[in-house]
Engineer: 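Quick one: the structure is below, and I'll ask about it shortly.
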Amino acid sequence: MNNFDLHKPLPYYLQFYEKIKQMIVNGEYEPGQRINETQLAKAFGVSRSPIREAMRLLEKDGLLVADQKTGFIVYSLSPEDVEEIYQIRTALESLAVELCITRASDEELLFIEQLLDRTAEEIKQGAEDSRLIELNEHFHQLILQYSHNKHLKKQLDSVNVLIYFCRVLNFKDKGRAAEILDEHQQVFTFMKKRSLKAVEHMQKHLHHDLVHLQKRLTTKRD
């Protein structure tokens, strides 16, 4: 924590929000671990006020759960939670693909194709998971952006932090990045043809994600 530099242009509580969020997502805080705002304030060398505001935002995102006795507990993702998150995600992202097929320009589709090519190259070069997760997220965000439906984006943004939490866990197994890229390429093949089969392939892709995540979480329980 000592090498965490504050930047004045962004309010302190938002900087702490981003920092603590990354610590949770990256596993520096374990699921079920108790977090105390007083201890965090001391660790960062600041007052409790910006820490408190940051933790309230994280509670709103679903990454922290309020505990009246000890402050907050880090959210524990369960197989049941994953299923509910993916029910929402599948419904909304299927619609995003369907809209993207008809609304995206040729130039926008080319940009998605270039992203997939870049992802393939970075996998070959042995890029770190954090970089591949970033590229993975970008693929899904581009489809959402090129659906040209701002209200759909707002709906997905409301669960985006939990989706990202799932995405990080989804990359843990060896070779998983290549599997995901292959499924993305299948989705895009039909998007480029302006075919609704792209929707079907996105649904298959997200179902595979769901099964993989539930298997990992069930194994961790055992």
Side-chain angles (χ1 to χ4, degrees), residues 1-6 12-46 50-67 69-86 88-89 119 122-123 126-141 156-181 206 208-222:
M1 292 186 187
N2 293 334
N3 61 354
F4 177 55
D5 297 324
L6 290 171
Y12 286 167
Y13 78 93
L14 288 179
Q15 294 183 56
F16 289 124
Y17 162 75
E18 291 294 340
K19 176 62 177 178
I20 299 168
K21 179 173 71 174
Q22 284 302 315
M23 292 173 75
I24 292 172
V25 170
N26 294 336
E28 294 179 56
Y29 288 124
E30 294 288 333
Q33 183 176 343
R34 301 183 186 281
I35 297 182
N36 183 281
E37 68 179 51
T38 301
Q39 293 175 348
L40 275 178
K42 288 182 179 179
F44 285 123
V46 296
I51 299 294
R52 186 181 304 117
E53 290 301 314
M55 294 175 82
R56 285 175 180 167
L57 289 178
L58 290 165
E59 181 187 12
K60 185 177 179 181
D61 285 340
L63 290 181
L64 291 179
V65 179
D67 182 343
K69 294 182 179 179
T70 58
F72 291 92
I73 297 174
V74 177
Y75 170 65
S76 295
L77 190 66
S78 70
E80 296 77 18
D81 290 336
V82 171
E83 184 166 6
E84 291 183 0
I85 292 167
Y86 270 76
I88 297 169
R89 187 179 178 192
T119 303
E122 297 215 22
I123 289 174
E128 293 186 359
D129 281 353
S130 58
R131 173 58 179 162
L132 298 177
I133 290 168
E134 178 186 337
L135 292 168
N136 176 298
E137 182 177 31
H138 197 192
F139 171 76
H140 288 275
Q141 288 296 323
L156 263 170
D157 283 348
S158 68
V159 291
N160 195 48
V161 172
L162 293 179
I163 289 174
Y164 184 78
F165 195 42
C166 291
R167 183 172 281 125
V168 171
L169 183 60
N170 200 19
F171 268 77
K172 295 294 183 182
D173 291 343
K174 185 177 180 181
R176 185 69 183 132
E179 292 175 0
I180 291 171
L181 173 62
L206 294 177
H208 291 160
D209 273 4
L210 170 61
V211 171
H212 181 260
L213 284 165
Q214 288 182 320
K215 184 177 180 181
R216 280 193 58 87
L217 291 169
T218 301
T219 301
K220 285 180 71 176
R221 276 183 174 180
D222 298 340

Engineer: For the CD atom of Glu134 and the OG1 atom of Thr119, what is their distance to the nearest 0.5 Å?
Structural biologist: 10.0 Å
Engineer: Could you check whether any side-chain heavy atom of Arg89 comes within less than 4.5 Å of a side-chain heavy atom of Leu210, counting everything from C-beta outward?
Structural biologist: no
Engineer: Heavy-atom distance under 4.5 Å between the side chains of Ile88 and Ile163, does that happen here?
Structural biologist: no
Engineer: Under 4.0 Å between a side-chain nitrogen and a carboxylate oxygen: does that hold for Lys21 and Asp61?
Structural biologist: no
Engineer: How many angstroms lie between CG in Asn26 and CZ in Phe165, if you round to the nearest 0.5 Å?
Structural biologist: 10.0 Å
Engineer: Between the main-chain N or O of Arg176 and the side-chain N or O of Asp173, is there a donor-acceptor pair closer than 3.5 Å?
Structural biologist: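 Here the side-chain-to-backbone pair does not exist.
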Engineer: Using the salt bridge (Lys or Arg N to Asp or Glu O under 4.0 Å) definition, which of the options Arg56, Arg52, Lys42 pairs with Glu37?
Structural biologist: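 That would be Arg52.
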Engineer: Write down the atom of Leu132, the atom of Ala177, and the distance for their closest heavy-atom approach.
Structural biologist: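 Scanning both residues completely, I find the closest heavy atoms to be CD1-CB, 3.7 Å.
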Engineer: Can you tell me how far CE of Met55 sits from OH of Tyr13, rounded to the nearest 0.5 angstrom?
Structural biologist: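 One finds 16.0 Å between OH of Tyr13 and CE of Met55.
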Engineer: Restricting to non-hydrogen atoms, name the atom on Tyr12 and the atom on Pro50 that form the minimum distance, rounded to 0.1 Å.
Structural biologist: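 Between these two residues, the closest heavy atoms are CB-CB, 4.2 Å.
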Engineer: Using side chain to side chain contact (heavy atoms under 4.5 Å, CB included), reason through Leu162 and Tyr75 one step at a time and then give a plain yes or no.
Structural biologist: CA-CA 10 Å; Leu162 293 179; Tyr75 170 65; 3.9 Å; yes
Engineer: If you compare all heavy atoms of Gly32 against all heavy atoms of Ser76, which two are closest, and at what distance to 0.1 Å?
Structural biologist: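 Smallest heavy-atom distance, with atoms named: N-OG, 3.3 Å.
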Engineer: Please report the shortest heavy-atom distance between Leu77 and Cys166, naming the atom on each side.
Structural biologist: CD2-SG, 3.9 Å
Engineer: Looking at every heavy atom in both Asn170 and Leu213, which two are closest together, and how far apart are they?
Structural biologist: N-CD2, 3.8 Å
Engineer: Looking at CD1 of Ile85 and CG of Leu206, how far apart are the two atoms once the value is rounded to the nearest 0.5 Å?
Structural biologist: 12.5 Å
Engineer: Okay, side chain of Gln214, backbone of Pro79: is any donor-acceptor separation there less than 3.5 Å?
Structural biologist: yes
Engineer: Just one of Asn136, Leu135, Ile133 clears the side chain to side chain contact (heavy atoms under 4.5 Å, CB included) bar with Ile180, so which one?
Structural biologist: Asn136
Engineer: Working note: Ile73 + Ile35, criterion side chain to side chain contact (heavy atoms under 4.5 Å, CB included); need CA distance, chi angles, decisive distance, verdict.
Structural biologist: CA-CA 6 Å; Ile73 297 174; Ile35 297 182; over 6 Å; no
Engineer: Hey, mind stepping through Asp129 and Arg167 against salt bridge (charged side-chain N to carboxylate O under 4.0 Å, His left out) and telling me if it holds?
Structural biologist: CA-CA 11 Å; Asp129 281 353; Arg167 183 172 281 125; over 6 Å; no
Engineer: In chain order, what residues pass the ring-ring contact (aromatic ring centres under 6.0 Å, His included) check against His140, with sequence neighbours excluded?
Structural biologist: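 ring-ring contact (aromatic ring centres under 6.0 Å, His included) check on His140 returns His184, His205.
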Engineer: Roughly how far, to the nearest 0.5 Å, is CD1 of Ile20 from CD1 of Ile51?
Structural biologist: 5.0 Å
Engineer: To the nearest 0.5 angstrom, please state how far the CD atom of Glu80 sits from the CD atom of Glu83.
Structural biologist: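 If we round to the nearest 0.5 Å, Glu80:CD and Glu83:CD are 8.0 Å apart.
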Engineer: Name all residues meeting the ring-ring contact (aromatic ring centres under 6.0 Å, His included) criterion together with Tyr164; count only those two or more places apart in sequence or in a different chain, and write none if there are none.
Structural biologist: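 Partners of Tyr164 under the ring-ring contact (aromatic ring centres under 6.0 Å, His included) test: none.
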Engineer: Please list, chain by chain and in numerical order, all residues satisfying salt bridge (Lys or Arg N to Asp or Glu O under 4.0 Å) with Glu28, sequence neighbours excluded.
Structural biologist: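 Expected list: none.
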Engineer: Could you check whether any side-chain heavy atom of Leu14 comes within less than 4.5 Å of a side-chain heavy atom of Leu57, counting everything from C-beta outward?
Structural biologist: yes
